[in-house]
Structures are given as structure tokens and as C-alpha cells.
Asker: 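Dumping the structure here so I can ask a few things about it.
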Protein chains: 2
Amino acid sequence: MSQTPKKSAERSVPTSADVARLAGVSRATVSYVLNNASSVRISEATRHRVREAAEELGYVPHAAARSLRAGHTRTVLLPTAAFPAGPLHQQFLQELQWALRRLDYTVVQHGSLGLAGGEAVRAWAELRPVAVVALGEAGLTPQGVGLLRRSGAKAVISLAPRRVEGAHSLVIDQSAIGRCAVTHLVERGRRAIGVVLPREPGLEMFAEHRMDGARQAVAGSGARIEPLPLSYDEESATALAARWRTLGLDAVYAYNDDYAMLLMRALQDEGVDIPGETAVVGADDLLLGRLLRPRLTTVHIDMITGQQLAELVDRAVREPEAEPGTHRVMGARTVHRESS
Amino acid sequence: MSQTPKKSAERSVPTSADVARLAGVSRATVSYVLNNASSVRISEATRHRVREAAEELGYVPHAAARSLRAGHTRTVLLPTAAFPAGPLHQQFLQELQWALRRLDYTVVQHGSLGLAGGEAVRAWAELRPVAVVALGEAGLTPQGVGLLRRSGAKAVISLAPRRVEGAHSLVIDQSAIGRCAVTHLVERGRRAIGVVLPREPGLEMFAEHRMDGARQAVAGSGARIEPLPLSYDEESATALAARWRTLGLDAVYAYNDDYAMLLMRALQDEGVDIPGETAVVGADDLLLGRLLRPRLTTVHIDMITGQQLAELVDRAVREPEAEPGTHRVMGARTVHRESS
DNA sequence: TTGAAAGCGTTACCAT
DNA sequence: ATGGTAACGCTTTCAA
């Protein structure tokens, strides 16, 4: 714009060779200077010339070329399913990315778009990530883990309901949440317990596990479970509340606090007394749940933090030989308030 | 494990040369076969041999090598600030990533970690992204845009409160939200209006703009504005409510629905009548706001969707010559309910 | 102290 | 129809 480039037909990306030429040195020297190589001593004058030249040209090294040469990357691949995650999950993800960045990794988010299991893993492996952190990816198989490792991944970490052979498995047992909630209700004498299942697509994975937990909790207790599909909107909640008394339920565990709040309000509008006639339990322990009247009983979830997971990734990368272990990383406990 | 590799000291990543050797052909042929090159005809027998060999070795092409050779990438860089974004923002981000993936881009999330403005842009440019979508990055300067473009970025898109010279600027005017909310209050006869400012770090950017909008709304109306710092926890809300009557306010605009709900509950617990004594307005139009009593008046925000933004990115990438324009992409309108 | 050259894995042009 | 070869941009060993 202001200064016409020497002769380039158009703007083209400057390379280290361009810098070398401008500074009147070799490409090797440029590399030494710009990477502060400690093994060689370069005269201060040369260093300065090189820096000047780089600055003038707006030279920026090419990450792909660098890692091609280096034979490894600092890429952490984060295959993410496209489910409408709750605020807790979102925050976790955000925190994880942050912490990984802080440890100088490049985070690549890679939704596996309807690719068949094997295809998706191939796509991931192309990036030669140093680590893969699969968050509840159903598609991660032992073979997939093998392929990734052979493609140079030092660590494959799975955060999922079940362990994955060959990967560092953080088993996150969603069923504990449903179990917790329903056990609480049973202990308080409830016998006919509804379980809200979100109709929103993508949530089935979580919902089913929580439902399983609920089932386990009533097993042999004489209490029964009733699945209640519900969409996250007022109409759906109103409709459910309208037929509430025909269901003969004395309690409901509502997947999470959002659905619980939605349903509780609808029930109250319908004249259902809470917790007298029906007890309500949510999950996630959101602040908002404490603002309703009655205050919402909920299941507090203790999860590994993004920070902690990032550290785990880093450790696994630096000690690739360590045996991939299996850990349970979720705790759940009922927080009793007023709605139950 | 089960089969001992020919002679490799350890598992090493197979390359196309390995595939060529095993199939008894040249690297070029391997490339042709695996990329379904249409310009050359390869015998079916050879194709088969190559595919077999690739399969057997578990060959996966190396993305870095490929893009080095190709001279360009399909990387979209998403520099993300580390602010605790609300559910709306999170969902937007999620949607954007998804849509970009669907358009076959590789999404790299890159929190600019305390790197000085220039440094951060350098780090981004190293990845040679084909596009950069800066979401409210304060650090994106016209020089930065220039550097990115010179590094091969076909599109630099900024989603921020102000336009950025040289970039496709989507101006997202946060002040409209505060203006909307407070105008509504003024029109309904309120004269002493509190404005809640979240104490949470990282939210200042938004909060200040919304505050500015509030200020504009009262200008020349005879009404006044009172800043009210508030943390997102019950103690803070209770404390603020306790001294409410000493403030002499007849209305409050509470940044967003979360803060509004928190404060409204605290005020009710303090015996403040809403909306009689104090009107409350939030923002974001969350479903939860409709569940409180009185129902929360709020500012509904019309934003560009992630999907739309992704399409815009794609278009900009494919027509790099198009003049980078400036568009206002946020609308705001008050949704009057019962709390005002 | 600096430079020449090899090589990382791919693809595309040009021969055969 | 297939293979040799050069080139993408960078780092690093070896030589001068």
C-alpha cells in the first residue's frame, strides 16, 4: 500500500529465505536467531540485522512446516459431540481449552460430523495430535485408540460413561446422578416417581444413564419409576402438568435443574402442592434453583475440573509410557432443600 | 503386539512411501489412488493393491505435509477471550463451530493468553488460517488484520462493539441492550434507575457498553442512573437488597436475566414489592425468567446465528476480493412482562 | 561465526 | 498407465 514491494507481482507470504536474503545471511542463520538457538553463537550485529529484516517483512514462521520438520505437534484434539450441553458442561469445556492453551497446546475442536466411527478417527489422526481428549464420544473404539497412537498421539484420554480399552479412561458415571436423586426420594417415603426425560435430541445419552440410575435406586424398594418425556418449553411443561393428577405420582426427578424448574412452575400453576403432593428433585445445583419457592432440592455433581484434566493431559503427554489407567471422576450427592 | 513389524525398531508412523513400497508402486501412484485423482487413469488392480497396503499399514495422510504442499489450509482460527460467557454466547459458539465443521473447516480455538496484542496475532498467523473470526477480541488492530491477510488469511472477520479497519466487521452494539431496557423504564415513569454491573471479571466489556446505553437512555429525560456492582451469589444480592431502600430507586436494569432473577428474589425476600415499589428488567430473554413471579421483563436480543456467521465466513473465503464491509448484526427489543 | 545441504510427507508436473 | 523428481518452509547436522 504505502511502500511498493520490491517486485512481487502480488503480496505473497514471506518465508525465512526472504528474511535471509534481505539480511544478507543464510536461512540457517535466520532460524538460529529467531529461535534463540543456544548451541551456536551469532554476532550481535547479525542478530540485529536478521530481526530487522524479519520485522520489516512481517515474517511469521509457518507452523505446519515447523512441525513437519520437528516430527511432532502440540495439537490437542477435542472431538466434540454436538449435543446442547448445559452450562456446567460448557464451562468445563471452556476451562479445559483455556488450561490447555496455558500449557502451550493448540486446541483443535473437531466435531465428528456424521462420519462413521472409523472415518472420524482417521480425520483426527491426519492432524497428528499429540493428545486426543474424547468427551463422551461414542465412536472411540480400542481400534481407534490404536490408530491414534500409531499416528503419534502420546495420549488418548476418554471421558465417557464406560472405559475404553487402551485409553486413559475417566469414567464419568451419569447413572450416579439418577441413583442419588431417586434414592433420596425413596428414603423420604415416595413410592411413585416420575423421571423427566428431555426430548431435546443429543441429550439421550445422558438422560438414559440417569434413568438407569433411577431404576437401580427403586430396585427392590417397592417404589416404581415412570418415564416422562418433556421438551424444554412452557407448552410441554403445561401439558404435562395438566395431566399430572392422572399419573398418580408423588415425586419427580427432572433430569436437571432447568427441567425441574420448568416443571415445578407448571405444577404450581396447576395447583399441585410441592413438596406436599409431589416432591421435585433436579440436578446440577444451579444457583437459580435456590431462588424458587420452595427452594429446589438438587443433586450436586462433583466433576474433575477443566484445569485438572488439562494437567492430566500434560502429564500423559510427557510420560507416554505410563499405563493408561481407569478412574472414576464423578461424585454426586443430594442437596436437600425444600422441594422434597 | 500381535504381529511383529518387519524390522522397525519401534512403531513409527507409516508414510505414503511405506504404502508405495508395500504395494510395489511409486509414491505418486499412491497419492493418485488415495485422492481419487481424475486426471490420470490407474488400473483397477493397482488401485486395489494400493488400498490394501494402506489399510494394512494403517496409513493416514499427514495434514501438515499436505497443506504445506498445497500452500493453504482449511483452518478457521477462533481467538476466544476467556470471559465467563452466558448460555446464549456459549450456544452461539457451539453452533458456529459445528457449522464450520460441516463446511469442512478445521476449527482451532486459540485463547490469546496474556500475549500482548501483536504477539497474539503472530501466534495466530503461524497457523496460516484461511480465516480468522475474532469474537470481541480487543486486541485486533488494523495492523493485525494486515499481518493476517499477508499470512494468507482470505478473510478476517471481527464480531465486536466497534468496527475494525480492514476486517469484515460485524458490529454488535451492546449499548442497545441497556438503552432498550432503560428507555422502557423511563417510558413507564421511572426516574431513579439502578443498573447492575456484574463484579465477575471478564464481563466488564459487555457491562460497560450496556451501562453506556443506559446512560444514553436517561439523557435529557430527567431520570437518573445509579451503578450497582453485584456478584453472582446470594450473599451479594442479599446485601444489596438490605440497603435497597436507602438507595431511593424505583427501578433497576440488571445486566441480564441471571442477575435480574438473583436480585429480584433478594428484593422480594426483603419485602420490596415488584413492580410496585421497584421495577426490574433483565436481558437475554431466558426461559427461566418466565417462571418467576412476577414474570421477568427482559430485553430480547436478536443476534446473527452461528450458522449464518459460518456461511458468511465461507463466502468471504471464497470471494477474498470482496470489500470488507461493516454490518450491524444485533437487534434488541424489550419484552414487557410483569416485573415492570 | 556462518553456509550448504539433507530431509520431514505430500502432491503435481513431466517423462516414459 | 505409471514413475521420477522437484518443490512447499523449516530445522539441524556437518563443514568451512
Side-chain angles (χ1 to χ4, degrees), chain A residues 12-50 53-54 57-75 122 125-128 130 150-152, chain B residues 12-51 53-54 57-75 122 125-130 150-152:
Chain A
S12 76
V13 191
T15 76
S16 77
D18 295 323
V19 177
R21 207 170 305 128
L22 181 57
V25 299
S26 75
R27 295 187 356 265
T29 307
V30 171
S31 177
Y32 289 143
V33 172
L34 264 34
N35 295 318
N36 294 315
S38 49
S39 60
V40 272
R41 303 231 60 84
I42 309 272
S43 71
E44 197 50 54
T46 307
R47 304 178 88 91
H48 191 70
R49 276 217 315 286
V50 170
L57 292 172
Y59 168 73
V60 174
H62 192 307
R66 194 199 293 253
S67 60
L68 181 57
R69 166 70 221 218
H72 59 85
T73 68
R74 294 280 296 171
T75 298
R122 295 278 260 267
E126 289 193 4
L127 300 173
R128 298 288 190 272
V130 69
R150 260 177 286 123
S151 301
Chain B
S12 76
V13 191
T15 76
S16 76
D18 295 322
V19 177
R21 207 170 306 128
L22 181 56
V25 298
S26 75
R27 288 176 9 255
T29 307
V30 172
S31 178
Y32 289 142
V33 173
L34 265 33
N35 295 319
N36 293 315
S38 49
S39 62
V40 274
R41 302 232 60 83
I42 308 272
S43 72
E44 198 49 53
T46 308
R47 305 179 88 91
H48 192 70
R49 276 216 316 284
V50 170
R51 292 229 168 78
L57 293 172
Y59 167 73
V60 175
H62 192 307
R66 193 197 294 255
S67 61
L68 179 57
R69 168 68 224 220
H72 58 86
T73 69
R74 295 279 297 171
T75 299
R122 294 278 260 265
E126 291 194 3
L127 300 174
R128 298 288 190 274
V130 69
R150 262 176 285 122
S151 301

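Chain letters run A, B, ... following the sequence lines, proteins first and then strands; every chain starts at 1. Just so you know, these numbers use all the heavy atoms, side chains as well, and skip hydrogens, waters and symmetry mates.
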Asker: Could you tell me whether A/Ser39 contacts a base, only the sugar-phosphate backbone, or nothing, with contacts defined as non-hydrogen atoms closer than 4.0 Å?
Answerer: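 Answer is nothing: A/Ser39 stays at 4.0 Å or more from every strand.
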Asker: Can you measure B/Arg128 atom CZ to D/dG9 atom P for me and round it to whole angstrom units?
Answerer: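 It works out to 9 Å between those atoms.
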Asker: Is there, by distance only and without an angle test, a donor paired with an acceptor across the side chain of B/Arg69 and the base of C/dT10 below 3.5 Å?
Answerer: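 No, the side chain and the base share no sub-3.5 Å donor-acceptor pair.
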Asker: Using whole Å, report how far NE2 of B/His48 lies from C1' of D/dA1.
Answerer: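 So the two atoms are 19 Å apart, to the nearest Å.
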Asker: Just how far is it from atom CG of B/Leu57 to atom CZ of B/Arg21, taken to the nearest 0.5 Å?
Answerer: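 Going from CG on B/Leu57 over to CZ on B/Arg21, the span is 9.5 Å.
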Asker: What's the NE2-P distance between B/His62 and C/dT11, to the nearest Å?
Answerer: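 The answer, rounded to whole Å, is 12 Å.
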Asker: Over all strands shown, is A/Val25 touching base, sugar-phosphate only, or nothing at heavy-atom distances under 4.0 angstrom?
Answerer: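 Result for A/Val25 = sugar-phosphate.
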Asker: Is B/Ser43 close enough to D/dT2 that one of its side-chain N or O atoms is under 4.0 Å from OP1 or OP2 there?
Answerer: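 The answer is yes; a side-chain N or O of B/Ser43 sits under 4.0 Å from OP1 or OP2.
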Asker: May I ask you to verify if any side-chain N or O of B/Ser26 is less than 4.0 angstrom from the OP1 or OP2 atom of D/dT2?
Answerer: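 Indeed not, no polar side-chain atom of B/Ser26 lies that close.
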Asker: Hey, does the side chain of B/Ser67 come within less than 4.0 Å of D/dC8's phosphate (OP1/OP2), counting only N and O?
Answerer: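 Negative; the distance criterion is not met.
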Asker: Taking the side chain from B/Ser67 and the backbone from B/Ala63, do they hold a donor-acceptor pair closer than 3.5 Å?
Answerer: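 Yes; judged by distance alone, with no hydrogens or angles, the pair exists.
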Asker: How long is the line joining CG of A/Asp18 and P of D/dC8, in whole Å?
Answerer: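 About 11 Å, once rounded to whole Å.
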Asker: Is the backbone of B/Ala17 close enough, under 3.5 Å, to the side chain of B/Arg27 for a donor and an acceptor to pair up by distance?
Answerer: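 No.
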Asker: Can you tell which of C/dT10, C/dC8, C/dT11 lies closest to the side chain of A/Leu68?
Answerer: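 Selected nucleotide: C/dC8.
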Asker: Taking for each residue the nucleotide of DNA chain D with the nearest heavy atom, is it B/Ala70 or B/Gly24 whose nucleotide lies nearer the 5' end?
Answerer: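 Closer to the 5' end of DNA chain D: B/Gly24.
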Asker: Of the non-hydrogen atoms in A/Val13 and B/Arg150, which two are nearest, and what is the gap between them?
Answerer: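 Of all heavy-atom pairs spanning A/Val13 and B/Arg150, the closest is CG2-O, 3.4 Å.
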Asker: Identify which nucleotide among C/dG3, C/dC14, D/dT11 has an atom closest to any side-chain atom of B/Tyr32, counting heavy atoms from C-beta outward.
Answerer: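 The nucleotide sitting nearest to the side chain is C/dC14.
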Asker: Mind checking A/Val30 for me? I need base, sugar-phosphate or nothing, with any heavy atom below 4.0 Å counting as a touch.
Answerer: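 No contact at all - A/Val30 keeps every heavy atom at 4.0 Å or more from the nucleic acid.
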Asker: When you measure from the side chain of A/Asn35 to the backbone N and O of A/Tyr32, does any donor-acceptor pair fall under 3.5 Å?
Answerer: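 Not confirmed, A/Asn35 side chain does not pair with A/Tyr32 backbone.
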Asker: Is there a side-chain contact between A/Thr15 and the phosphate of D/dC8, meaning an N or O under 4.0 Å from OP1 or OP2?
Answerer: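 For D/dC8, neither OP1 nor OP2 has a side-chain N or O of A/Thr15 closer than 4.0 Å.
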Asker: Base, sugar-phosphate alone, or nothing: which one does A/Ser31 contact when heavy atoms must sit under 4.0 Å apart?
Answerer: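 Base, at least one base atom sits under 4.0 Å.
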Asker: Which whole-number value in Å describes the distance from A/Arg27 CZ to C/dT2 P?
Answerer: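 Going from CZ in A/Arg27 over to P in C/dT2 covers 17 Å.
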Asker: Could you check how far CG of B/Leu127 sits from P of D/dC10, rounded to whole Å?
Answerer: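 It works out to 13 Å between those atoms.
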Asker: Tell me which of B/Thr46 and B/Gly71 sits closer to the 5' end of DNA chain D, going by the nucleotide each one is nearest to.
Answerer: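 That would be B/Thr46.
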Asker: Compare the minimum distances between each of C/dA12, D/dG9, C/dT1 and the side chain of B/Ala28, then state the nucleotide with the smallest one.
Answerer: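 The closest nucleotide is C/dA12.
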Asker: Separation of B/Asn35 atom CG from D/dT2 atom P, in whole Å?
Answerer: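 Going from B/Asn35 (CG) to D/dT2 (P), I get 16 Å.
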Asker: Taking A/Arg128's backbone N and O only, do any of them form a donor-acceptor pair with A/Thr73's side chain (distance below 3.5 Å, no angle check)?
Answerer: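 Checked: pair present.
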Asker: OP1 or OP2 of C/dT10 sitting under 4.0 Å from any side-chain N/O of B/Ser16?
Answerer: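 Answer is yes, contact under 4.0 Å.
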Asker: Round to the nearest Å and state the distance from B/Ile42 atom CD1 to C/dT11 atom C1'.
Answerer: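 Taking CD1 of B/Ile42 and C1' of C/dT11, I get 13 Å after rounding.
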